[in-house]
Each structure stands twice: as structure tokens, then as C-alpha cells.
Amino acid sequence: MAKNLEERIAAIEARNKKVEADKAWELSWTRRIAITVLIYLVIGVYLRFVVHISPWINGLVPVIGYFISTVTMQKLKQWWTNRN
């Protein structure tokens with residue numbers, strides 16, 4: 001019984017540590033700057049190669065920027081949480 005209780009406490013502490021790291025990541029300047037840079041790069045590439053087209057295509061720019069940021073943020077988050 002005591003061992004089971006210790007395992008449960010250890011699991012709760014590990015989960016709390018992960019939640020704290022996730023919260024710190026959400027508020028970090030690293031995340032904010034990374035999202036800003038990624039969206040800026042996507043828009044820069046877009047404006048360089050695809051200007052003066054349909055507004056429906058133009059509406060995809062922020063969507064693509066958001067998608068790229070969500071795909072790449074996981075790797076950056078892992079790197080950041082390992083360092084902090």
C-alpha cells in the first residue's frame with residue numbers, strides 16, 4: 001500500500017512539473033518571438049512569390065503561418081523545456 005501511494009505521489013509530482021513547464025512555455029518570450037519570426041518569414045516568402053492574386057488565396061497566409069508555427073513549436077518547446 002505504501003509503495004503504491006509513493007508511486008501515485010511521484011506520478012502527480014511528475015505531472016505537476018510538466019504542467020508548470022507547459023505554463024512557462026506558453027508565457028515565454030522564446031515562444032512569442034518564434035511565432036512572430038515564423039509568420040513574418042511565411043508572409044515574406046508569400047509576398048515575394050505570390051502577389052496580386054485572389055483574396056481567398058491571400059486569406060491563406062495567416063492560416064499557413066499559424067499551421068507552420070504549431071508544427072515547429074513542439075520541437076522548439078522540447079528544446080526550451082530541456083534548457084529551463
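Note: hydrogens, waters and symmetry copies are ignored here, and every other heavy atom, side chains too, is used.
- Taken from NZ in Lys18 to NZ in Lys23, the straight-line distance is 13.0 Å, to the nearest 0.5 Å.
- Note on residues 57-77: pairs passing salt bridge (Lys or Arg N to Asp or Glu O under 4.0 Å), not counting sequence neighbours, are Asp22-Lys77.
- Both Ile64 and Leu76 sit in one connected hydrophobic cluster of ILVMFWY residues. Membership requires side-chain heavy atoms under 4.5 Å apart, directly or through other members.
- Rounding to the nearest 0.5 Å places OG1 of Thr81 at 11.5 Å from CZ of Arg83.
- Taking Ser28 as the reference, Trp25, Thr30, Arg31, Trp80 meet the side-chain contact (heavy atoms from CB on, under 4.5 Å) condition, with sequence neighbours excluded.
- Linking ILVMFWY residues whenever their side-chain heavy atoms come closer than 4.5 Å, directly or via other members, places Leu38 and Trp79 in the same cluster.
- Between the CG atom of Leu5 and the CD1 atom of Ile9 there is a distance of 4.0 Å, given to the nearest 0.5 Å.
- Put simply, the residue from Ile39, Ile35, Ile33 that forms a side chain to side chain contact (heavy atoms under 4.5 Å, CB included) with Val37 is Ile33.
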